[in-house]
There are 2 protein chains.
Amino acid sequence: MTETFPRSPDAKPPTMIDVARRAGVGLGTVSRVVNGGAGVRAETADRVRAAIDELGFQRNEVARALRPGKKSSSLALVLGDLTNPFFATIAKASLEVAGQSGFAVVLGSVDEDPEGEKRAIQELIGRQVAGLMIVPDQSDHSFLVSAGVPVVFVDRPAHGIDADIVMVDNEAGGKVATDHLLRQGHRRVAILLAPSYYTTGRRLRGYRRAHREAGVPVDESLVVLLPEGTAEEAEKATRRLMDQADPPTALFASTNFVTEGVLRGLGDNTQPAVVGFDDFRMADMLPTPVTVVASDIADLGRTAAHLLLARAAGTDTRPPQRIVLPAVLIQRGSGERPPV
Amino acid sequence: MTETFPRSPDAKPPTMIDVARRAGVGLGTVSRVVNGGAGVRAETADRVRAAIDELGFQRNEVARALRPGKKSSSLALVLGDLTNPFFATIAKASLEVAGQSGFAVVLGSVDEDPEGEKRAIQELIGRQVAGLMIVPDQSDHSFLVSAGVPVVFVDRPAHGIDADIVMVDNEAGGKVATDHLLRQGHRRVAILLAPSYYTTGRRLRGYRRAHREAGVPVDESLVVLLPEGTAEEAEKATRRLMDQADPPTALFASTNFVTEGVLRGLGDNTQPAVVGFDDFRMADMLPTPVTVVASDIADLGRTAAHLLLARAAGTDTRPPQRIVLPAVLIQRGSGERPPV
DNA sequence: CTGTTAGCGCTTTCAT
DNA sequence: ATGAAAGCGCTAACAG
């Protein structure tokens, strides 16, 4: 009895009114039943439910969300490249948390262009999302101040607005990684930074502080700010570093893609020590297992989602929070090579 | 002059009526301007635009989508684990395509439970998405027939409904991989399958066909159906395989996670040849670079999104399409080891 | 307990 | 060219 092709798109789906007529009750009663059925006689409710099944009725969430106050039950997630496991992990985690509360997650498509993010965000706000989780770029986000929607920033704070932020302890991470290298006697530790103003700055800060406290001067030629945070750029930069007169004996890569590039750039050269920021799948399977400074990225996403949900529900009215997750060193081999 | 905290959540955003009052025009005029401004005197339009800027007005997409026919400009994407690069790639690609057409993408949270997918899909339909892209599980999807929304399945077809499907040539891929191994003289080729009824079945079919055509009998003890498609299960299964009396000299892993597990299970044993299905980041960086059968996964996502957009727009009214993308062998080393 | 009614913000005729 | 008015499907008073 099952049809085998989708119903023609113009066939209008049944509404509550259809259900009401079918069940011989009022519109309000149907609404009550659909929303839990409190205050409706069991018998009536059954009749309504029967009608719902027969008609295949499904509540129109859009109309429901039109009601003022009743913000749509969806959150927006704005981030860069889903192909980056770092972002994918955040997405998955926040999706799970949102789903548990009956919220869907709308993904804003963020192209590369600088205007893309703002456009995407405004688009999303127009869709009446109940809240936004944003992994912001460097641009000004003050336009969000008057958006009337709760916002939680993830991984890095945004300019022009004081809102909740959930992130990793970048400076401590940078410090731990560098300490580890210096402690083993390395004196020429290079750092390769992806161009993300904030995290980059903090990680570099940790790197410098480690040097200062160890009494080791920083050779500025070993501080490399990549033009792009890709493996390709990191690979090129690594080659250049190793080709110079006095090459580093250790390299600190500031993101997972950069780590990949560094390893590629090093090729068969198994001399220099390498520590990466952010763990990645199969880091332990590479020829020399990769030592990293890692955080619980899924927790980053989960925490952000929980916080946003609480803000959206109005449950949480504290001033903007700043949640910082720890970063720990995971020794696997590449970071434990002694200096030459 | 910029405030530094988000506006209190109860501050209602300005509506078109506010704009109309402010500009001293009628509601309809504002609507016209917002939608391109055709048929409005330039001078009037300017006044309206000025009011829009001053008030920071933003069209309420929800109210807009309430209009019948005017399907919301968002597509739904329902898939499993975003943490799997395979799915993440699909998500990213479809997101880009959708974004170019001004569509947002809503992600359904698909938990592990079998009912999860159906619930998520119905939720999404209730949100009036213009179309659905689904990487379906094995359950029955006939309930979508009467949903009145175009659906495109990705990676595998669904039961109970004849809709568009974009996928990889699984059988050819299985054949190519197995051929490659047999051609090098391997006679004991194991295949490790993740439990996904369809792709698994096709890949296995290719495996069998390759054996048949080569006149090599299949040892059924080498056909392993994993209880779960995780690296852990694949690792355990690989250990078991290699521990048996007459172990295989080659292994064919049916997904990227399975490939990872196989490599882990093999550990230092660098004897057996390995071919994986689906390429993955850093496959070329492992101790022995990994030979894989790969397809353009991003293209899978892109194609699905394009098709869905056309269906949603009513532009494409062809009968359900079945688009199959090729799978090619990428030789990197692990698959070129000779039999012992 | 249940039916009726008034909007939510917008698009879209239909007059003017 | 522009204003007025009728809903879209639903929720939330308000009556009965």
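Computed over heavy atoms, backbone and side chain alike; hydrogens, waters and symmetry mates excluded. Below, chains carry the letters A, B, ... as their sequence lines are ordered, and counting in each starts from 1.
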Whole-Å distance separating the [atom1] atom of [X] from the [atom2] atom of [N]:
X: A:R127; N: C:dC10; atom1: CZ; atom2: P; result: 15 Å
X: B:L27; N: C:dA15; atom1: CG; atom2: P; result: 19 Å
X: B:D46; N: D:dA1; atom1: CG; atom2: C1'; result: 15 Å
X: B:F57; N: C:dG9; atom1: CZ; atom2: P; result: 10 Å
X: A:D18; N: D:dG9; atom1: CG; atom2: P; result: 8 Å
X: B:R47; N: D:dA1; atom1: CZ; atom2: C1'; result: 12 Å
X: B:M16; N: D:dC8; atom1: CE; atom2: C1'; result: 15 Å
X: B:Q128; N: C:dC10; atom1: CD; atom2: P; result: 18 Å

Practice problem: Taking the side chain as every heavy atom from C-beta outward, state whether B:V105 and B:M133 have any pair of such atoms under 4.5 Å apart. | Solution: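 They are not in side-chain contact.
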Self-check item: Heavy-atom side-chain proximity of B:L132 to B:L144 below 4.5 angstrom
Solution: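 Yes, side chains in contact.
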Exercise. Start with the C-alpha gap between B:S73 and A:R127, add the side-chain angles, then the distance that decides, and say whether side-chain hydrogen bond (donor to acceptor under 3.5 Å, both in side chains) holds.
Key: CA-CA 9 Å; B:S73 60; A:R127 287 165 195 278; 2.9 Å; yes
Any side-chain N or O of [X] less than 4.0 Å from the OP1 or OP2 oxygen of [N]?
X: B:N35; N: C:dT11; result: yes
X: B:T44; N: D:dT2; result: yes
X: A:R41; N: C:dT2; result: yes
X: A:R64; N: C:dC8; result: no

Quiz prompt | Parallel, tilted or perpendicular: ring planes of A:H159 versus A:Y197, cut at 30 and 60 degrees | solution =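 A:H159 vs A:Y197 ring planes: tilted.
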With heavy atoms under 4.0 Å as the rule, sort [X] into base, sugar-phosphate or nothing.
X: A:V62; result: nothing
X: B:S31; result: base
X: A:R32; result: base

Quiz item: Which one, C:dT2, C:dC10, D:dT2, comes nearest to the side chain of B:V40?
Solution: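 The answer is D:dT2.
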Quiz prompt | side-chain contact (heavy atoms from CB on, under 4.5 Å) partner of A:T303, chosen from A:V154, A:V166, A:L308 | solution =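 Considering A:V154, A:V166, A:L308, a side-chain contact (heavy atoms from CB on, under 4.5 Å) with A:T303 is found only for A:V166.
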